[in-house]
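Take a look at the structure below.
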Amino acid sequence: MSIGQAGSRSRRVIVGSRNPAKIEAVRRGLDRWVPDPHRVIVGVAVPSGVSDQPMSDAETLRGARHRAARAQAARPNAEVWLGLEGGLASWPDHEDAPGPASLMAFGWIVAIDENGRSGESRTATFEVPASAAALVTEGLELGHAIDRVTGERGLKTRGGAVGWVSDGRLDRAELYAPAVLLAVA
């Protein structure tokens, strides 16, 4: 990717979301790759083209790809466009696994640069506690499920499920930042 390299025509980065945690993840990831105090990161609301709560690895990646491409279409004058999508999947996802499957959470990041090159990376994966997993199984998006379990509001725009699971030791932006770096690497 050409991000931050000499000759790049713009220092504008477009994120296919207005979620503050996702925008902060992009800032942290890009600052680790190439620090640039003049970089401008803008979030735009674009549809993911997948369900509100993606329930497979493939659907989550598809949502991140759609967000990156739609961010590029919405704001074509930029250095890079990123799509970030959080998802869930049952694990283990094969028939001969012992015991019940666990619901695992993760995110996919897709970056497209101004030369048309793209990169993709996946975050670390963690198990969703049973109390929230049961609500997701009933049809709630994970963010709404953790709000209901904790009695708080808007956790997905701050620490996210990973912040809740880790008791604040890791937030959503920090979980996503290394994958942002790897998507643009």
Check whether [X] reaches the backbone of [Y] with its side chain - one donor and one acceptor, N or O, closer than 3.5 Å.
X    : Y    : value
W81  : E114 : no
D147 : G154 : yes
R32  : V180 : no
T123 : G107 : yes
S102 : M104 : no
N19  : A21  : yes
E59  : M55  : yes
R70  : R67  : no

### Query
Which atom names give the shortest non-hydrogen contact between A173 and A25, and what distance separates them?
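What the structure gives for the nearest pair is O-CB, 3.5 Å.
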
[atom1]/[X] to [atom2]/[Y] distance, rounded to the nearest 0.5 angstrom?
X    : Y    : atom1 : atom2 : result
S121 : Y176 : OG    : OH    : 12.0 Å
R28  : I41  : CZ    : CD1   : 11.5 Å
R65  : I109 : CZ    : CD1   : 13.0 Å
L82  : S118 : CG    : OG    : 11.0 Å

Would you say [X] and [Y] make side-chain contact, with heavy atoms under 4.5 Å?
X    : Y    : answer
L84  : W108 : no
Q72  : I14  : no
V34  : L30  : no
V165 : E127 : no
T60  : V50  : no

### Task
Report the C-alpha distance between R39 and D31 in whole Å, list the side-chain angles of each, state the deciding distance to 0.1 Å, and finish with yes or no for salt bridge (charged side-chain N to carboxylate O under 4.0 Å, His left out).
CA-CA 9 Å; R39 181 180 295 125; D31 282 351; 3.3 Å; yes

### Query
In terms of side-chain geometry, is the basic nitrogen of R62 or E85 positioned less than 4.0 Å from the acidic oxygen of its partner?
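Salt bridge flag = no for E85 with R62.
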
### Message
Using the rule given for salt bridge (charged side-chain N to carboxylate O under 4.0 Å, His left out), can you reason through D36 versus R11, listing the C-alpha separation, both sets of side-chain angles and the distance that settles it, and then say yes or no?
### Response
CA-CA 9 Å; D36 183 349; R11 292 183 181 173; 3.6 Å; yes

### Task
Report the C-alpha separation of E24 and R172 in whole Å, then their side-chain angles, then the decisive distance to 0.1 Å, and conclude whether the salt bridge (charged side-chain N to carboxylate O under 4.0 Å, His left out) test is met.
CA-CA 9 Å; E24 178 61 15; R172 190 175 189 191; over 6 Å; no

Would you say [X] and [Y] are hydrophobically clustered, going by side-chain heavy atoms of ILVMFWY under 4.5 Å?
X    : Y    : value
V162 : L181 : yes
L61  : I112 : no
F106 : W91  : no

